[in-house]
Amino acid sequence: MIKYTAMDDEREEILQRESMEKAVLYVAELEKALGRTPRGCVVTFGCQMNARDSEKLSGILVKIGYSLTESEEEADLVIYNTCTVRDNANQRVYGRLGYLNSLKKKNPHLRIILCGCMMQEASVIEKIRKSYRFVDLIFGTHNIFKFAQLLVTMYENQEMIVDIWQETDQIVEKLPVSRKYAYKSGINIMFGCNNFCSYCIVPYVRGRERSRDPKEILQEIEGLTQDGVVEIMLLGQNVNSYGKNLEHPISFAALLREVEKIEKLKRIRFMTSHPKDLSDELIEVMGESKKICRHLHLPVQSGSNRILQAMNRRYTKEQYLSLVDKIKTAIPDIAITTDIIVGFPGETLADVEETIDVVKKVQYDNAFTFMYSKRTGTPAAAMENQVPKEVVREGFDKLLKVVQDTARSRAALLKGQVMEALVEEVNEQDASLMTGRLSNNMLVHFPADMAMIGKLVKVSLDTCHGFYYTGHIVD
Ligand code: SAH
Ligand code: SF4
Ligand code: F3S
């Protein structure tokens, strides 16, 4: 195990830049051996934070001389940026690793790298060391900023390099980033989580909550807009508690007010809001804003007070519903989406009925429904009353039907309206159509050409297809 000691953030940036210069030489050697530019492939599992981390990893790969590819088969270096929020995310990684090993047999230059949340679990590292010995480099969530340096170590060694930190208080800024989209970008405003919902592994693998300095955030957004970005998504596990622990505390709502002032920026989104911390000030700022999108992702997890308490969510069904009422009154055109877990220990079908009642009352525009997954080390994993699979399935199917019916009826309400869409990409099925995203996060497909990507257009929502629309530009 290689151990580095933390140093201050600026010195760290310099060290990483020096490592990139060194890495360039190794990549040049590889290029000679291959007779072409080496190709790197970054595969992202999990949430928006991981997606943003992947852009940082890609940025460094490009900086040191790799070209990026989406195909693992074509790659000379593959990074799996992993997620461990539910067990099926882990299983997907193990499954695909076997396949990567077969690729390595065909391309001896291929390097395999694992990072992200799953790597923060000791049992995972043990398993990889034992059964996946062909992996070249493993690092975790706390030292991702050392990627360049770790790459150099990897090039200089033959054996598997493992470097996992338990915690960090470092926030290293200003390293290269290669964005997936030219016109929109995620941006971290905070890292980690302090909420310890009893089912959730994120606080253990992402560490304690740390907010970035607002000046750094605003500067980064300013820079992104100079670079053509018109929509940003502010990222944190619980953005509503942003800024509370800074030397000069600032609220999330106050940060949003500052972000709004950035002239070239057209749209602001954020993820995720914990209901217990959503302030009246935030509702006010959203109501007044011309740029904050009409979408709020407000995970409820359950509608049963007994389960909410066991989950350590720190709100009741009634508090959640009255919060939603307040939001809808202040911002009538807002779309509300949520996350729901079915099968938390001790949950009965009567509890699921309570959740269904919340779905009907709130009228969610969309909801992500998950079957509870036992995560080792969390309090819920040690609870004795785990729910049998068939009972989970029954509740899940029942809930899903209501969720889908509600989402469909919400979507249908927009028929015939003209709304602003950000043109995002060519439609996957029909190249004559472009796909745009409405402020409320719904997708609409319409005839347009590729030159429109990144532009805001007015679109008439002509035909509803369940959860999305087709339409035409009316400008
Ligand atoms: N910080 C965000 C959620 C991040 S995880 C928030 O609090 O809203 C995304 C979602 O995964 C959660 O909202 C939850 O619904 C789900 N999830 C988390 N842990 C889970 C588990 N052990 N089993 C099933 N779903 C889980
Ligand atoms: Fe997990 Fe709860 Fe933190 Fe969200 S707020 S990341 S669900 S512990
Ligand atoms: Fe998964 Fe880590 Fe995000 S566990 S959901 S990638 S914070």
Side-chain angles (χ1 to χ4, degrees), residues 13 16-46 48-82 93 96-97 99-116 134-139 144-157 161 172 174-187 220 223-224 226-229 424-426 428 431 450-451 453-454:
E13 271 165 41
Q16 293 313 313
R17 287 190 185 280
E18 286 168 1
S19 298
M20 282 175 230
E21 282 166 26
K22 252 196 210 165
V24 164
L25 304 176
Y26 287 106
V27 180
E29 252 174 54
L30 178 62
E31 177 156 358
K32 236 192 238 157
L34 291 166
R36 57 167 171 77
T37 307
R39 294 185 281 249
C41 174
V42 184
V43 182
T44 312
F45 299 81
Q48 308 271 0
M49 329 265 163
N50 258 21
R52 181 64 179 160
D53 284 346
S54 289
E55 293 186 341
K56 296 177 183 171
L57 298 169
S58 302
I60 291 172
L61 286 182
V62 169
K63 183 86 189 169
I64 63 175
Y66 279 90
S67 68
L68 297 177
T69 169
E70 296 202 348
S71 142
E72 288 147 274
E73 289 80 7
E74 279 187 359
D76 308 294
L77 180 149
V78 175
I79 306 176
Y80 280 177
N81 189 10
T82 62
V93 168
R96 286 173 72 159
L97 268 178
Y99 175 61
L100 278 193
N101 192 25
S102 70
L103 292 181
K104 200 167 187 174
K105 286 180 182 137
K106 282 184 235 157
N107 176 5
H109 292 288
L110 178 61
R111 301 285 191 153
I112 299 172
I113 301 177
L114 298 176
C115 65
F134 53 86
V135 173
D136 296 284
L137 167 64
I138 303 176
F139 56 94
I144 185 166
F145 60 83
K146 285 192 166 288
F147 180 46
Q149 193 177 354
L150 289 164
L151 275 175
V152 171
T153 314
M154 179 190 80
Y155 291 127
E156 288 174 353
N157 288 275
I161 310 289
V172 183
K174 302 189 189 90
L175 294 178
V177 176
S178 170
R179 286 199 319 278
K180 191 164 171 199
Y181 302 96
Y183 54 88
K184 68 171 181 180
S185 179
I187 169 159
E220 187 175 338
L224 287 168
Q226 300 301 338
D227 212 21
V229 167
E424 295 209 329
E425 56 200 0
V426 180
E428 276 174 23
M450 274 180 67
I453 289 179

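Checked by atom type and distance alone, the side chain of T82 pairs as donor or acceptor with a backbone atom of C115 at under 3.5 Å. With hydrogens and angles disregarded, no donor-acceptor distance shorter than 3.5 Å links the side chain of E13 to the backbone of V172. A donor-acceptor pair under 3.5 Å links the side-chain atoms of N81 to the main chain of N50, judged by distance alone. Counting only distance, with no hydrogens or angles, the side chain of Y183 and the backbone of E424 share a donor-acceptor pair below 3.5 Å.
Taking NZ of K22 as the reference point, atom CE of M20 lies at 13.0 Å (rounded to 0.5 Å). Of the inter-residue distances, the one linking I112 atom CD1 with M154 atom CE reads 10.5 Å to the nearest 0.5 angstrom. Atom CG of L68 sits about 12.0 Å away from atom CD of E74, to the nearest 0.5 Å. Between L114 atom CG and L97 atom CG the span is 5.5 Å, to the nearest 0.5 Å. Summarising the geometry, atom NZ belonging to K174 is positioned 9.5 Å from atom CZ belonging to R17; distances are rounded to the nearest 0.5 Å. Separation of atoms NZ (K184) and CZ (R179) is listed at 12.0 Å; rounding is to 0.5 Å.
Residues A148 and I60 approach most closely at CB-CG2, 4.1 Å, considering heavy atoms. Taking every heavy atom of both residues into account, P38 and G65 meet most closely at CD-O, 4.1 Å. What you find for V42 and S58 is that their closest heavy atoms are CG2-OG, 3.5 Å. The two atoms that bring T44 and S54 nearest to each other are OG1-OG, 2.8 Å, heavy atoms only.
At a threshold of 4.5 Å between non-hydrogen side-chain atoms, the residues L175 and F147 do not count as touching. Here the side chains of L30 and L77 are not in contact, with every heavy-atom distance at 4.5 Å or above. At a threshold of 4.5 Å between non-hydrogen side-chain atoms, the residues V62 and P176 do not count as touching. Using a 4.5 Å heavy-atom cutoff, the side chains of K146 and F139 are not in contact. R52 places a side-chain heavy atom less than 4.5 Å from the side chain of S185.
Heavy-atom neighbours of E70 CD from other residues, nucleotides or ligands within 6.0 Å: at or below the threshold of 12. The environment of CD in E428 is sparse: at most 12 heavy-atom neighbours from other residues, nucleotides or ligands sit within 6.0 Å.
Using cut-offs of 30° and 60° on the angle between ring planes, the pair Y155 and Y26 is parallel.
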Which donor-acceptor pairs under 3.5 Å do the side chains of residues 99-107 make with protein atoms, sequence neighbours left out?
from, atom 1, to, atom 2, distance (Å)
Y99, OH, E73, OE2, 2.4
S102, OG, Y99, O, 2.5
K104, NZ, F134, O, 2.6
K104, NZ, D136, OD1, 3.3
K104, NZ, D136, OD2, 2.8
N107, OD1, H109, N, 3.0
N107, ND2, A75, O, 3.4
N107, ND2, D76, OD1, 3.1

Practice task
For the pair S19 and L151, evaluate side chain to side chain contact (heavy atoms under 4.5 Å, CB included) and give the outcome as yes or no after the intermediate values.
Solution key: CA-CA 8 Å; S19 298; L151 275 175; over 6 Å; no
